[in-house]
Engineer: 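Take a look at the following structure, please.
Residue numbers run from 1 in the order of the sequence given.
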Amino acid sequence: MNNNAKKRAEIVKRIVDANYEPGRQDRCKLWVFRNIVSKELPIGERTFWRYLNECNDEENNSSDDPPKRKLFDK
């Protein structure tokens with residue numbers, strides 16, 4: 001992912017964190033996309049979900065685990 005996409009993903013993540021309420025059905029992530037994100041950023045729904053998943057993947061990969069060996073590493 002290039003730097004501009006990373007910045008957009010961080011913006012989307014901040015917007016979702018500020019507006020998403022887990023217990024409320026009327027403030028779900030899809031509502032946040034339709035009513036807030038789509039009006040601020042020119043992205044589609046699929047891109048919205050991809051940005052949220054990539055933010056979560058980066059958080060999970062930042063642990064202190066040693067790097068995994070690949071099949072053909074020597």
Engineer: Find the distance between CZ (Arg8) and OH (Tyr51) and round it off to the nearest 0.5 Å.
Structural biologist: 3.5 Å
Engineer: For Asn2, check side-chain contact (heavy atoms from CB on, under 4.5 Å) against everything at least two apart and list the hits.
Structural biologist: Asn4, Ala5
Engineer: If the condition is salt bridge (Lys or Arg N to Asp or Glu O under 4.0 Å), which residues does Arg24 pass it with, not counting sequence neighbours?
Structural biologist: Glu21, Asp26
Engineer: Cut-off 3.5 Å, side chains only: do Tyr20 and Arg27 have a donor facing an acceptor?
Structural biologist: no
Engineer: Using residues 29-43 as the side-chain source, report each donor-acceptor pair under 3.5 Å to any protein atom, sequence neighbours left out, with the distance given to one decimal.
Structural biologist:
{"residue": "Asn35", "atom": "ND2", "partner": "Trp31", "partner atom": "O", "Å": "3.1"}
{"residue": "Ser38", "atom": "OG", "partner": "Phe33", "partner atom": "O", "Å": "3.2"}
{"residue": "Ser38", "atom": "OG", "partner": "Arg34", "partner atom": "O", "Å": "2.9"}

